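Chain A is the first sequence line, chain B the second, and so forth, proteins listed ahead of strands; every chain is numbered from 1. As the structure is a prediction and not an experimental result, all values here were calculated from the model.
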Amino acid sequence: MITVDAVTKAYGDTPVLGPVSEVLADRGITSVIGPNGAGKSTLLTIAGRLAEPDSGTVHVHVDDAAGAVGLDVHRARSADVAKLVAVLRQENHFTARLTVRELVSFGRFPHSRGRLTPTDVAAVDEALGFLDLTALQGRHLDELSGGQRQRAYVAMVLAQGTRHVLLDEPLNNLDIRHAVRMMRLLRRVADELGRAVALVVHDVNFAAAWSDRIVAVRDGRVVAQGTPEEVVREDVLREVFDTPVRVHVLDGVPTAVYFR
Amino acid sequence: MAVVGVLAAVAVLCYLFLFVRGSFEFAIERRLTAVGAMVLVAFTQGVATLLFQTVTQNRVLTPSIMGFDSVYTLAQTAMVVAFGGGVLAATDGVGKVVAQTLLMVAFATFLFRWLFSGRHANLHVLLLVGVAIGMAFDSVATFGQRVLAPADYDLLSARMFGRLTAADPQVLPLAAGVCVLVGVVVVRRHARLDVLHLGRDVATNLGLDHRRELTLALVCVSVLVAMSTAVVGPLTFFGFLVAVLTHQVAGTHRHAVLLPMSFLLGVLVLVGGQFVMEHVFYATGMLTVVLEFVGGTVFLVLLLRKGTL
């Protein structure tokens with residue numbers, strides 16, 4: 001469980017977030033939706049400790065034998081947090097020329113500190129297999145298509161073996177086929193591997209179709225949250241996006257129609 | 001790597017033992033000093049540039065952009081302006097090298113601490129300030145050189161290019177000790193450097209204290225470059241040349257391979273180059289000039305091909 005407590009963030013004099021208090025559950029998929037500039041990515045990157053909040057704290061709680069342990073992600077040792085929370089930015093650029101397998105092996109660094117044990121190798125193999133990358137493992141990243149490269153990045157954070165996986169817009173630049181495939185994979189990550197996935201999504205309907213919980217953000221504050229049925233409603237979405245939206249239930253999923 | 005290692009060893013042996021004329025002992029002693037200085041430069045410049053490029057995630061930058069050379073040039077010029085040309089030879093020795101190294105490390109550490117504790121702390125601001133300060137120091141040094149007597153200026157200008165064969169044998173053991181120390185620190189962290197190479201966000205996600213590792217790497221870089229500059233004078237593009245070669249030859253991102261490779265390639269280029277210069281072209285002191293020319297040309301070609309820093 002990740003608890004975000006009264007977090008605020010401003011760039012210069014412009015407040016972009018908060019105060020926000022949120023709890024990310026230990027299971028399932030949580031989607032963060034909202035208009036451009038609402039602070040979705042800022043919230044996710046602060047929860048994943050890639051950015052420091054101006055005030056407030058983020059704790060990660062893990063149930064182990066000793067009971068519930070809370071770690072302040074911004075104060076605790078980075079190496080300890082890396083075993084509990086994995087976070088991936090939207091844009092990734094490396095100067096090193098890596099193969100898929102080398103990239104995914106980096107995911108084991110929190111455990112191996114650079115020296116891979118058989119357990120680490122098995123975890124890398126599993127992550128590669130899970131994301132259907134086994135055949136591509138020897139290819140260099142610059143030889144892959146956008147969708148394949150995105151899967152390789154996700155495989156790296158999965159190999160990290162953390163309870164929480166935070167992804168900033170993993171569907172960015174993916175076509176319909178790859179976007180659906182990515183969401184199906186993330187659903188399996190949550191269901192079969194028992195991980196908690198939190199992601200920023202631009203498309204309300206992807207969020208509605210695949211998430212257990214949706215958090216709607218506007219102007220740096222959480223304005224609605226709940227199951228897809230509770231959040232994907234005409235009055236809620238109109239307030240979040242400032243745009244008239246009609247919602248129809250298609251195949252049992254609330255679907256927003258906002259194209260005209 | 002074995003091949004490069006053997007080639008480097010062959011180059012060293014050739015340089016030491018071939019074409020000895022006159023007293024064997026006299027020649028060996030002089031050549032040992034020169035090889036010592038070249039090995040030192042190969043290590044400091046090669047490793048420092050590699051580290052610097054890793055932490056800046058940039059294959060074009062070199063640590064001399066931080067203004068080390070300018071601090072050295074300014075210090076030398078200031079001494080000549082104040083005390084006359086004779087002072088350069090009169091003060092040579094361990095003390096001067098230590099003082100110059102400390103001055104440059106202090107300069108770099110001050111710059112890092114100031115910039116990384118600031119509000120808009122990031123590497124690009126650091127580089128920009130480094131370049132700006134370097135240019136300011138250069139301008140002051142140029143002004144100092146304008147007002148010198150021609151004879152003093154002549155003595156000074158000999159120090160403004162690297163001089164490999166004229167290094168002071170007294171300072172080599174000290175420099176070697178520093179190199180071994182930094183080498184141990186860096187090699188022990190090779191896996192962390194691999195992760196650092198992926199950039200701030202990914203490194204943080206993988207559990208690295210990014211700011212700490214970055215600062216440590218930059219301090220190592222400043223110690224190495226300062227040491228090298230104090231012993232043999234400024235070399236702007238040699239480290240760059242070696243780093244480019246290293247990435248080409250090694251074909252891996254792993255620092256466990258890259259670091260020793262850059263050292264061996266540096267030795268090969270320097271000692272091999274010096275051997276060829278001395279015995280084929282009979283131009284003993286010209287190697288650094290040639291290296292800077294070749295390095296500078298490679299730099300420009302890469303920059304133009306890439307189109308951006």
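The contact list for residues 192-201 of chain B toward chain A, using heavy atoms and a distance under 4.5 Å, reads R192(B), D194(B), V195(B), H197(B), L198(B), R200(B), D201(B) by residue number. At a heavy-atom cut-off of under 4.5 Å, chain B is reached by S78(A), A79(A), A82(A), V85(A), A86(A), V87(A), R89(A) from residues 78-90 of chain A, listed in order of number.
A distance of 8.5 Å separates CD in E102(A) from CZ in R254(B), rounded to the nearest 0.5 Å. Here the OG1-NE2 distance, from T99(A) to H253(B), works out to 7.5 Å after rounding to the nearest 0.5 Å. Here L206(B) contributes atom CG and R113(A) contributes atom CZ; the two are 9.5 Å apart, rounded to the nearest 0.5 Å.
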Distance-only donor-acceptor pairs under 3.5 Å for side chains of residues 118-133 of chain A, two or more places apart:
unit_1	atom_1	unit_2	atom_2	d
D120(A)	OD1	R108(A)	NE	2.9
D120(A)	OD1	R108(A)	NH2	3.1
D120(A)	OD2	T117(A)	N	2.9
D120(A)	OD2	T117(A)	OG1	3.0
D125(A)	OD1	R101(A)	NH1	3.0
D125(A)	OD1	R101(A)	NH2	2.9
D132(A)	OD2	R181(A)	NH2	2.9

Full working for side chain to side chain contact (heavy atoms under 4.5 Å, CB included) between F94(A) and V202(B): CA-CA 10 Å; F94(A) 302 133; V202(B) 176; 3.8 Å; yes
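Pairs passing the side chain to side chain donor-acceptor pair (under 3.5 Å) check and including a residue from residues 150-161 of chain A, sequence neighbours excluded, read Q160(A)-N205(B).
Residue contact with chain B, scored on non-hydrogen atoms closer than 4.5 Å, involves the side chain of L98(A) exclusively.
Across G48(A), G107(A), P110(A), the residue that shares the most heavy-atom pairs under 4.5 angstrom with chain B is P110(A).
Side-chain atoms of R115(A) never come within 3.5 Å of backbone atoms of A191(B) as a donor-acceptor pair (strictly under, hydrogens ignored).
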